[in-house]
Each structure stands twice: as C-alpha cells, then as structure tokens.
There are 12 protein chains.
Amino acid sequence: MYVVKSPLSDANLATVSEALQGALVDLVDLALVAKQIHWNVVGPRFRSVHLQLDEVVSTARAHSDTVAERAAALGVSPDGRAATVAVGSGIGVTPEGWVDDSAAVRSIVDALGAVIARMRERIAATGEPDPVTQDVLIQVAGDLEKQHWMFQAENG
Amino acid sequence: MYVVKSPLSDANLATVSEALQGALVDLVDLALVAKQIHWNVVGPRFRSVHLQLDEVVSTARAHSDTVAERAAALGVSPDGRAATVAVGSGIGVTPEGWVDDSAAVRSIVDALGAVIARMRERIAATGEPDPVTQDVLIQVAGDLEKQHWMFQAENG
Amino acid sequence: MYVVKSPLSDANLATVSEALQGALVDLVDLALVAKQIHWNVVGPRFRSVHLQLDEVVSTARAHSDTVAERAAALGVSPDGRAATVAVGSGIGVTPEGWVDDSAAVRSIVDALGAVIARMRERIAATGEPDPVTQDVLIQVAGDLEKQHWMFQAENG
Amino acid sequence: MYVVKSPLSDANLATVSEALQGALVDLVDLALVAKQIHWNVVGPRFRSVHLQLDEVVSTARAHSDTVAERAAALGVSPDGRAATVAVGSGIGVTPEGWVDDSAAVRSIVDALGAVIARMRERIAATGEPDPVTQDVLIQVAGDLEKQHWMFQAENG
Amino acid sequence: MYVVKSPLSDANLATVSEALQGALVDLVDLALVAKQIHWNVVGPRFRSVHLQLDEVVSTARAHSDTVAERAAALGVSPDGRAATVAVGSGIGVTPEGWVDDSAAVRSIVDALGAVIARMRERIAATGEPDPVTQDVLIQVAGDLEKQHWMFQAENG
Amino acid sequence: MYVVKSPLSDANLATVSEALQGALVDLVDLALVAKQIHWNVVGPRFRSVHLQLDEVVSTARAHSDTVAERAAALGVSPDGRAATVAVGSGIGVTPEGWVDDSAAVRSIVDALGAVIARMRERIAATGEPDPVTQDVLIQVAGDLEKQHWMFQAENG
Amino acid sequence: MYVVKSPLSDANLATVSEALQGALVDLVDLALVAKQIHWNVVGPRFRSVHLQLDEVVSTARAHSDTVAERAAALGVSPDGRAATVAVGSGIGVTPEGWVDDSAAVRSIVDALGAVIARMRERIAATGEPDPVTQDVLIQVAGDLEKQHWMFQAENG
Amino acid sequence: MYVVKSPLSDANLATVSEALQGALVDLVDLALVAKQIHWNVVGPRFRSVHLQLDEVVSTARAHSDTVAERAAALGVSPDGRAATVAVGSGIGVTPEGWVDDSAAVRSIVDALGAVIARMRERIAATGEPDPVTQDVLIQVAGDLEKQHWMFQAENG
Amino acid sequence: MYVVKSPLSDANLATVSEALQGALVDLVDLALVAKQIHWNVVGPRFRSVHLQLDEVVSTARAHSDTVAERAAALGVSPDGRAATVAVGSGIGVTPEGWVDDSAAVRSIVDALGAVIARMRERIAATGEPDPVTQDVLIQVAGDLEKQHWMFQAENG
Amino acid sequence: MYVVKSPLSDANLATVSEALQGALVDLVDLALVAKQIHWNVVGPRFRSVHLQLDEVVSTARAHSDTVAERAAALGVSPDGRAATVAVGSGIGVTPEGWVDDSAAVRSIVDALGAVIARMRERIAATGEPDPVTQDVLIQVAGDLEKQHWMFQAENG
Amino acid sequence: MYVVKSPLSDANLATVSEALQGALVDLVDLALVAKQIHWNVVGPRFRSVHLQLDEVVSTARAHSDTVAERAAALGVSPDGRAATVAVGSGIGVTPEGWVDDSAAVRSIVDALGAVIARMRERIAATGEPDPVTQDVLIQVAGDLEKQHWMFQAENG
Amino acid sequence: MYVVKSPLSDANLATVSEALQGALVDLVDLALVAKQIHWNVVGPRFRSVHLQLDEVVSTARAHSDTVAERAAALGVSPDGRAATVAVGSGIGVTPEGWVDDSAAVRSIVDALGAVIARMRERIAATGEPDPVTQDVLIQVAGDLEKQHWMFQAENG
C-alpha cells in the first residue's frame, strides 16, 4: 500500500486536503465551462470574449495541475474525474447551446465569482495548518480575481 | 436566433454532428482521465508513465478544440460540459486513488482502445457526407493510435 | 520546351489542374479582399475585425502558395497575376472606400462563403483523379470554414 | 563640470534641444496617460481598448528613451521627472476614475492629436539644424499617427 | 460619414495621397508578379531565383501594408483590390506560363526598375508636403533598389 | 455607474486600496526617477550604473502594472497620472542635470530606501484584510530590496 | 510474445503492412541517396544542389519515422536495417564517386520518380483497408512530388 | 567597513539570518548530492533517475542563489563555501561509488526529507520577523516537496 | 575530372581517408541500427530506451555528416550508400522483429562498443598524418563513449 | 563589362559614391579599431569597456555592410580592402600594445568623433542628389553619436 | 557489482581517472568559490565583478558535468561530494564575509591560477593514455585561461 | 606596466605568440577579402557565391576573436589593426572592382588555400609548446578546409 508520510498532523492534513480537493474540482470545472462558452459564444463581441475565455482556460488548467500535485505532495490522492467534477463543482449549471456575448460575459463573471468566494475561504482555512498550500491558493485567487475584473469591466 | 447556414444537407449534417459531438465527449474525457492517472500513478516507472500521460493530455486537448470548432463551423453547438462528459464518454470508470504503474498503463491502454474503436466508426460514417470532417477525425485517430502503441509497448 | 511528366493521365490532369487554378485565383483574391477591408474598416469593432482579417490574409497567402506549387508539381503552370485574378475570382466586387464594421463582417462572410462553395466542388472533383490534391483542398476548406464560422458568430 | 562637445552650433543646439525636451515630456506623459486609461476603461469594448492602449504605452516608452538619449548625445541633459512632465506636457488633463470605453477612445484620440501637432512643429524646426534629430522625430510622428488612425477608426 | 481630420492641408493631402495610392498599387502588383515568377521559373538557376523572389514578395508585402496604413493615417482610404491593381500598376504585363531563369531575372529587373522610377518621383513630390510619408517611401525605395542590384548582378 | 462588487468589507477595502494606491504612485515615480538618472549619469562607472538602473525601471514598471490591476480587481480605480505622482510620491526630489556616478548611486539608494520603508508598512497593514494583496506587495518588496542591496554594494 | 491487437482485419493488415514496409525502405534509402549526392556533387551549381538535397534528407527522415511508427501502431514490426534497405529499395544504383551537378540533379529526379510511383500505388491500395495509413502516405507523396518538381525545374 | 542598514531589528535580523544561512547550506549541499547521485546511479531506471535528479539540481541551484542574495539584501554575508557546507548541511553522508537505482531513489528521498523538515521550521520562525524572507522559503519548500513526492512515487 | 588538391601527402591521405571512410560507414549504420531498435523495442522500459536511442541517432547522424564532409575537404569521395554500409559496417547483425527492452539495451551496448573500438584505432592512426581529422574523430569517440556509459548504466 | 544603370545623374552619382566609399572605409576601420582596443584594454573598467566596444564593432559592421551594398545598388563598386582602409580611414593611428581603460575610452571617443564629423559632411552632401543614401547615412550618424555620448559619459 | 569495461589498460586508466577526479574536485570548488565571491563582493566595481563571476560559475559547472561523465564513461565513479571537495580542492581558503572588489578580483585570479596549473599537468599526463580525455581537459583549460586573462586585465 | 604571467616558458611563448599573431592577421584579412568579393561579385551564380562568402566572413570573424583572446590569455598583446593586416596577411592582393562569379570563386579558393597552408604550419609548431593553442588552430583549420572544399566543388 502506497503511503506518503505527510509533513502535516492528521488534523491539519484533513483541513488542507479538503481545501485542495475542493479547489481542484472548481478549477477543472472552470476550464471546462470557459471552453464551453469559448465555443458557443456569438455576437458582435465574439472575438474579444472568445479569446479572453481562452486565457481563463489556460489559467485554470495550469492551477488545477499545481493544486493536484500539491495534494499528491502531501500524500493525498487528488480526484479530477468528470463525474467527481460534475457533482462537486461550485459553479452553477451552464446552459447548453449558443450564447450571445452579453450572456456569455455574465455567465463567466458568475462562475468566477463562485469559485473566488470558495477559494477565499480555503485561503483562510489553510494559513495556519500549511502556509505552503495557502500560498498556492493565494496565487490562484489573485489570477482569478484579475480575470473576474476584466470580465466585469467588459460588462461595464 | 443564431443560425449558421451549414454547407451540408440536413441528413448529412445529422450524421456528421453526431460524430463530432461523440468525438468531443470522448476527447474531453480522455484528457481528464489521463490527467487523473498522471497525478495518481506510483511505482518504479512513475516518471515515464507520468510524462507520457501528459502527451496524451496535450493531444486530447488540442484535438477536442479542433473537433468542437469543426462542429461550430458546421452550425452545430458543441457540448463539452462536465455532466455531458460524465454521462456520454466511451471510456469506462477510472477507479479513484493511487494506482501502481502497471495498472496505470493497462488503464490508459483500455481508455485509448475504447476511444479509437469509436473514432474509426466515425471515420467510416463521415467520409461520404463531409470529407473535411473525416480528415479531422483521421488525424485524431492517427495520433491516438500512436499513443496506444507506445503504452502497449510499455506493457511489453 | 519545359515539360514535367505528370503522374496523372491527361483526363485526370485536366480536371485537377482546373481545380487548382480556380483555387489559386480564389485564394489570391481572398487575401487581397481581406487586406482591403483590414485597411478600410471603421467602427467600434475596428480592432477585432482588423486583426481577425489579418488571420484570413495569412491563411489565404499560405494556401495560395501550396496550391500553386501543387499545380507546378503536376506539371501545370499556375497563374496568379492581378489581371487573371481580377477576372476569374469567385468573390463579388468589394466596394471602394471606408466600410463600417458590420458591413465589413458581412462582406468577408460573403467572400468566404463564395470561395468555400467552389472549394467543396473541387474536393468532390479531385478525389478520384488525385487524392494528393484533394487532401490539399480539404485542408484549405477546413481552414476557410473555421474563419467563416468566426465571422458569422461575430455577426451573431 | 561634464560637457559633451556638441556637433551643432549653439543656435542650432538651442532649437534642437528644445524640440527634444518637449518631445520627451510629451512622450513620457503619453505613456502615463495611456496606462491610466488602460487600467480604468470599462464597457463592452474593454478588451480591445485595454490591449490597444498597451501598444501606445510600448511605443511611447520606446520613443521617449530614444529621444532622451538623442538629447544626451548632443550634450543636452534630458528631464523626464514627474513634476516636469506634470507641468510641461501638451496633453490635457485626464479625468480621474473609471472611464467608459467610448470616452476612453475619445480621450486617447485627443491626447495623440495634441502630441502629434507639436511633434510636426518639431519636425519642421529641426530639419535644418540637425537632420539626425529630425529623422528620430519623423519615426515618432509616423508611429503616433498610426495609433491615432486606429483609435479614430475605432470611433468610426 | 467617417472622416479622419488629416494633419495636412487639402493641397498637400492631394499630393501625398496620390503618391501613397500609386505606391500601394505598385507594391501589391510587385508581390503578385514576384510570386508568379517564383512559381513558374525553370532552369539551372531555379533554386536561387525561386528563393530570391520570395524575398521580393516579403519586402513588397510588408511595404504595401505600411503604405496603405500610412494613407489611412492621413484620412485617405487605400485601394488595393485586384481590379485596381490590374489597371493601375506601373509594371508591364508578365507573360503567362513557364519562364526560363534568365528571362525570369530580366523580368523582375524590369518590374523593379519600373516601380523604383515611380517611387523616386513620389519621394521628390512628398518631401515638402509630408516628410513622414517621404520617409516611408525612402525606406521602400532603398529596399527595392537593393533587390534591383542583386538581380542585376545575377544578370552580370 | 460602474461598480465592481469587492470581495472585501468596506473597512478592509479602505485599508487595502490606500496601500495599493500608495504603492502605485511610488512605483510609477521610481520608474521615472530611475530613467532620469539612467539618462543623466556620467563618470567612470557610467555603463554599470546606466544598465543596472534599467533593471530598476523594468522591475518598477512591471510591478506598477500588477499593483494597479490588483486595485481594479478589488473595485478601486487606480490613479497613476503624472500630477498625482508628482505630488504623492514618497521619493524626494531628484535634482536636474547631469549627475556623477557616485551621486547617482546614492540617489537611487535613497529612492529605493524610501519606497521600501513605505512598502513594508503596507505589507504589515494588508496581511489581515487581504492576504492576496499582501502577497503582491511582498513580491514588490523582495525585488526592490534586491536592487537596494546591489546599489549599496556598488557604494561599497 | 509481444502482440499488439491490430484494429484491422488480417487481410487488410497484410495489405497495409506491405505498403508501410515498402514505404519505409524507400524513404530510408532516399535519405541515404540524397546524403550521398549532397556530399559528392561538384560543379557551378554545387551550393544550390547541396542545400536542396538536404531538404530531401530532412523530408525523407521525418517521413520514414512516421511510417515506421505507423506500422508499429498497427502491430507490425518495421524493418529499416541497412541490408534490408540495400536489397529492397525501389531506387536504382547510385554510382560511387564525385558527380557533376547536372548528373546529380538527374539522379535525384530519377530516385524521387521511382519512389513516387510506388507511393501512389500504396495510396491506391490502402484507402479501403485503412484511411489513416492512406492519409500518412498522401502526405509523403505530396512532399516528395514537391521536391520532384523543384529538381525537374532545376533541370529546366 | 561595509554595512548595509537592515530594515529589520537586531533580534529579528538574527532569527532571519540564521534561517537563511541554514537554508543556503542545505540547498548548496542538496545540489551537490543530487549531482553525485546523477553521475553514479546505475540500474534499469538509470535514465529516469538520472534526468529527474538534474531537475533537483536546477531547483536547488536557483533557490540557493535567491536565498544567498536575500541574506545579502538584509545586510548579512552569506557563506556557501565547501567547508561550511561539508560541516553544516542537514543532509546525511552520501556513500561513495556507484549506487543502484532503488538505493539512489531512497537516498534522495531521505535528503529531500531532511531539508524539508528544516525548511518548515524556518518558515515558522521567519513569518513574524520578515514575511518577505518567509515567502522565499515557502517557495523553496513547495518546490522541494514536489520533488519529494515524485521520488516517493517512484519508490511506490 | 574533378580533383581537390589535398593538403596531405599521398601516404598520409591514404591512411586518413581509410579512417574517415570506415568511420562514415560505422556511423551511418549506427544511426540505422539505433532507429531500428527505437521502433521495435517493447517492455516496461520502452519509453526510456526509445527516447535514449533517438539521442544516439542524432549524434550518429551529425557526426556522419561531419566525417563525410571532412573526407570531401581532403579530396576524398565519401561513400555512405546502403549497400556499402550493409557490407562494411563494424556492427554485427541486428535481429529483425520486436525486441524486449533488456535485449535492446544489450544490443546497442554491443553496437556502440564495436564502433568505439574501431574509432579508437582510427584516432591512433590519424594523429600523425592529420591532427585535424584526428580531432574530429576524438569528438566522435567522446560522444559515443558517453552514450555507451549511459546504456551500460541502464544495464546496471 | 558589368554596368548597373544608376538612377542618378553622373554628377549626383559622383558625389554620392564618394560619400559612400568614404563612409565604408571609415566604418570598416572603426570596427577594426574597436576590436583592437576590445582585445588590448586593461584596468579596473576592463569589463565595461571591453563589452561596450563590442557594441561599436557590431554597429560598425552592420552599417559597413549597408553602406557597401548601397553603393553597389547605385552601380558603384565598393572597396573595403585592408590596404584601402589603412590608407583612407579618417581615424588616427591606434597605438600598438596594451592600453589602460582611461586611454582606451579617450581613444574610441576620438575615433568616433573623427568618423562622425566626416559622416555629417556626407549627410549634407547627399541630401540633394540622393535622399535614399542620405537616409542611410543619417541612421549611421545617429548610432555613432549615441556610442560617442556613452563613451564621453564614461569619461565623465 | 556494476563494472564498466574500460577501453583503457589498467595503468592508463589509473592515470586518467586520477586526472579526471582531480579536475572534478577543482571545478566543483571553483563554482562554489566564484558564487561565494559573487554574493559577497562590494565596491564601485560590484556589478562588473558580480556578473563576470557568474560566467565563471557557468563555465565551471558545465565542465564539472562533462568531466564527471567522462570518468563514468571510462568506468570510474566520480566523487563530487562537499566533504571530498573541501579536502581535495587545489584552491586555497576563501575568507568569509564581505570582500571589496579589488580583493575579489585578486582572489579569483589566484583561484583560477591554481586550477589552471593543475589542469595543465593533467593535460600533459593524459595525452598518451587517452587523447579523448585530454581533449576534454584542453577545452577546460582554454576556457579557464580566458577567464583568468579577463580578471587579470580587470586588475590592470 | 601590465604583465600577465604566462603559463608558458619564454621560448614556447615566442613560438606560440608568433603563430597566434600570424593567424590573427590572416583571419582578419580573410574576413575583409570575403566581404569585398561578397559585395563585388556579379554573374549567374551571384546569389550562391554572395551567400556562401558571408559564411566565410562569419567563420573568419569568430575565429579571429578566439585567436586574439587566446593571445591575450597568454599575456601577448594581439595586433589586428588595418595597417598591420595590410602588410602582414598571407593572402595575395584582391583586385578592385566588380568580379565575375567564376573569378570570385577562384579568388576565394586561393585566399583560403594560402591561409590554410600557413595554419597547418602553425598547428605543427604549437603542439609541443601549447596544446591548448594548437587545439584552437585545429578548429580554425577544420572550418577553413570545409569552406575550401565547398568553393572548390563550386569550381567543379
């Protein structure tokens, strides 16, 4: 049986692993949602929204990898499978089909807002038990809040 | 209501869009499954399997984008959301938790095999109605079969 | 007198060379038309349309080179001179002067639509006599249809 | 006391150094103003305006460096300090706070227009006394007029 | 109605816009002619001439873009459409079909010579009304005269 | 009226936005001061000081962008205009004219010292209300202190 | 005993594997022959022929790798050993020793012609049993026919 | 006598400088140990272990530079000499001579474990006196723990 | 008749040209053998062996080019044709078909050993007659011995 | 007899060709002189002076190529042979042997000063007969005057 | 027990392995000493000395890797551990603490001098038994002697 | 008085420094001669000869720098001034004016032949006194002999 000896106490590890697993699910879903809208957006702002969404995808993919490997580094198996994501994500349902650009912007603003709120709770929860994990989540939140601003500004 | 006038007849479009939507779901899931094993693999071949799986992820992500945008180009809204993928993928369930390297290799061999079999059916189905789509799927199959060989060879 | 011994029969060569010469003229004109609108577009979407049109230019230039050299490879002299293009292009007249962004998008959607329709006929005509040429034209059509979708979505 | 022996006569040097110092102040301010709007713009064209303004910043920064070092090469100390810029710039006051995208475009069109008008006077003044300096200012004016056109076209 | 307020007087603008429109037509045609010969040249010097002609194409394309956008920057709509080019170019008719390498070199020497002569007239005409435009045309002439020399030397 | 809903309470937002606005002004001024000395330094160490100062400029410019966009992400309009900087910067007056290399080094050591002291206060103030902002300021301080050391060492 | 389960029926696999093994031998030999002439060519066109031949080498090496790995992907062991190549290649004997440039061009034209003819037969044979393999061979033929044209034109 | 005025109180400086000096010695030794095993490893996993160890070397070298320059920035002379490292490192003795791959993996797992444990103590100690230093050490720990996981997984 | 006047005496030239021709044949065969195993290897170490062999291919191809052109530089026609290689190589027969990873490693260890032994004899033979050639062969031997070590260590 | 038909009248050509030939000789010598001091400088500023001189070499070499090819483009054979340069350069004799850093700086300041003075005369002489050549010389003078300033500042 | 069959006789191997192990220890220490001074140097030449020392570090690290892997290639286990280096290095003790720039230069001149003297003995000793190793050491000596000159010149 | 303590005895140093100074003069002249012909060549092979000569220039410039700095590393002041080169070069007089391509090739073949002959004498002379210098000259000779072959082959 494979066991990594974690540098954290059991209680701290429980807190931190919950935060990381939650962050992983949110980030994997964020990448899928942003790609979905990236493909389905229509309207006069198609190009701007289409391209800006791909930056969200890149950010979410890079951070999901970091978060999952941070869990592994603490001896916790990360779970980023489709079914797990479909059930556990903090992002509401994205409607199917074409979406006009204004609705697309509102949709990603909502998705980012939901993920950011949960990420800030995780930052608060992990600072004490594991500042290394907290620092990872701070980077995530900073990047998501920047994207959040840019789509809100696009809403103007 | 947004409508792209498709260059295909309705019947042909139905065939082609089913093939593309199916390919999209399989490829998105393949990327998620390969990442899942990439994070959870353990054993003496960890590094080789971990790195080779990231090539599968890159291939699957690039092709899923091409396939989804090919659907959009034909006037068909692509659906790559987590719930759609969780339900519709041709890949069997990936077990949770750590996986030793031999099982990891078998698992990705099976996943690739399942996707390839369906992709070959789609190649057969689309040649007549839309050779442009068929050519996209041929590229996909060629890349997946190369990965399939390399993991089978790793099984030796 | 310079003669390349073509690998095709005379009848097949006639079919294929007509397809290639037609594709060449369309692609050279598409690059000129896209540049013309790239320079003359005005309106709130100036930057998006201006930049997206340069992607059409790059695509059309690259493919026109491939198509012309494919003709040469079959022993057929390609003709991409301005007068030939002015007379033979499948794209309708582009009006002179400034063009607002909505009209610009409609204009390039029409131009791409006209070229794509002819390109699909050429794909159908060349598959039997020369699958190598057909494959070139399939790549061309795939790229043009992607641009076509993006401008139609911009019209959204 | 540090003295560079200038290749110009005193009268010519006076003319040229005034032109260069004026250009320096205008260009430093242009970079600051463009960054200010880059951060504060909101509205449906946020992304296009935000990105295009960063091209103005890059252009203005590169040219301010060239202009300042051209002054130094003639033995004239350049002055690009904040207080000097705040007082001497040819650009009118940029209002504080968020700015909607249409106002942002008008604002940068005005700023560029003001700088260009002064730059053209400097080109006229320096041709006789120092064609090397004039050539630098011609490059500056050419680049600014290109940006000016693109924002005017965006106003469309 | 879209109007860019030009920094030039009406009389100067007329002179300068004629020069730019003429230069644009010549450069677009030069790129087409050079590509035509690039594809059709045969003979022992095929590779040298084929490759050198692509440098002419690159130069002509880059300068045509600069010239067209310079016109736009002055408020003048540029016209680079195939029919305009076919009628207005200063380059004589390029014969159809294969061309042996010596004739190819003579042909491009003539084409470059014709464009250079007209470009030098434009330099003379624009210096007074707009030194910024003149500087653009000087760069164009310098690059074309370099290509002219290299093909003349090849004729040696 | 454009309003970003900030993730922070009003009190916390007041503290954090004051820190970010202060940091922005200091960093914009630091870039201007470092460029000023970069152009005006003379003496046997000219090259070393000239080049090292450009690293300060790059660092200060990059961080001012991050800091301003962090403010925007929290719903606070950043102000980096010349007049604001001239009044609000924590850096003392930089004398006009040429400066010998030893004085140049002392001058930038003082400027960096002043900014660092204020930046450390901001780090202390923002840790509680917004750890994401604090992390940004910690990166800023770390980079400035590295530059501070290198110029102090140069003073030897 | 290592066995890859091929996605093809036995009959189809026999056809496809024969095509791939034949293509592999031809391409390995083409690379060796082109290098041989690359080293041994002399005459006034030395540089052009020497360099153009290295493009043939690059093309042949890249395609031989793709073809061999395509065979492996179908469960067929590829054989590219020197003795196999010496016996099975479709290219006639290349004479030893120095070769003047005209003979060198004729020699590579013949070699390319022989390989292309066989490659076209393989394209015809594989389309039905395995369109993925056929697509690989179409790419090969397209690239070789382009090289064939350029050397024929050089013969011009 | 060269003195940098540290931004920290004497007590805080003592704590922080001890942490940085300790980290420096550990990181320099880690780079030496990882190179030692990189050169001496033998066994079926040679290539994987050999390459993965070079990533440890790169990480350790980059961080040792950052840590040493952080000490200098606080006015503390860093000491990374061989004798200091040989005496002060937290890593146990690495045996001389060839080492089989399994022992190599265990050896680097132990070395990383020892350094990580000390690094976590330093993170705890420096948060209060100097958050800038703490942030540096958090980055170090995060990278080392990632390597630690990958070698443990290899042990799997 | 083409003759390069060699800088060596006839006796020295005979020695050196024999060494170079022998080295050429060995290196061309080494590249073919390494590619053959690269395609045919199977087993748990597939990825490591497959990739490491491609480094041997790159090394052997680069050196074969250098060696052949060194011969040409001395006025000696190099012979790297398949039949010459099949007969003259110092490497024993590589069996056809799939090869498990351990046998693959042994096979390439033997091939490298055979080539190295002959290369060392050539180094000894050429030092006196032509130190320039000897230096080329020393580089070859150094690179091959490094590969030899890495595969022996893999055997470990 | 090879003759390029120059676009200039005979009188203008005489003026311009004298300017270009003079510029060529000065620039070739400047590159040689700067390299000579680059190799021979000693003293505490060795590194700064050594590196800065290589920037002079790069500038002088690039401009000498442009100037020579500009002459050729006008039908004038350029002469940059060592003997021509040794006799015709405007730079005084550089003493042999090691040179301390202060003398090195003075030496290159003098060399640049001499070349600049002559280059400014050439700018004045060529504006009328050939503005294209004048523009080339303006670029040369601008770059040399920048280097001149930097070495004068180093003299401080 | 792992044994590489060395291509050298036992006596030759003893000589060569002693040379390589000695070179390894010297080069590892040289990198540590150069980094130590790189961090601790102060004085008006800080930047030049700081940067130049990092070139020594890069050179020493690259060569230590080559030398260690050369030993391994001959079947000799290399030893680059801190304790081995601390005891066996040919470089004298580097004093702790800050070092002014002149002393820093003298220190590295001495260190390079000591290593070079020993390296030249190794070149003399290895030429007969193993010219491949000798060639490696010649490259090392050439690079170190270049650095030696530059620091001696800096001493000027 | 600046003195580098050379690692060589006085007698050996005299031999080696004569070789290096001679090589420097030949290489500087070779670069000048190759550039001279590069600018003045005319004829049907203009492009091939023009480009190939620039490779000679690059090679000669890179080696002249290495050779000069090798002299400096031994404590010998290198002399690469125009007058020294004009008098001391081993290359015969290059005639002024345009040169047809065949004569150009013969001219550079002669120049390379002259330099190579002297370089081989220097290799023979320096092996005993300084193998490091000899190795530098062997690299030089190898590169020049390769160029020599290519121009002889061009002579065919």
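As a basis for the values below, the full set of heavy atoms in this structure was taken, side chains included, without hydrogen atoms, waters or symmetry mates.
In this model, a donor atom of one side chain and an acceptor atom of the other lie less than 3.5 Å apart for Gln52(D) and Gln147(D). Under the 3.5 Å distance criterion, with hydrogens and angles disregarded, no donor-acceptor pair is assigned to the side chains of Thr133(D) and Arg122(D).
Neither the backbone nor the side chain of Ala117(J) comes within less than 4.5 Å of any heavy atom of chain D. Asp135(J) touches chain D through its side chain: at least one heavy atom from C-beta onward sits under 4.5 Å away, while N, CA, C and O do not. Only the side chain of Leu8(D) has a heavy atom closer than 4.5 Å to any heavy atom of chain J.
Distance OG1/Thr84(J) to CG/Asp79(J): 3.5 Å, rounded to 0.5 Å. Put simply, CZ on Arg120(J) and CD on Glu145(J) are 4.0 Å apart, with the number rounded to the nearest 0.5 Å.
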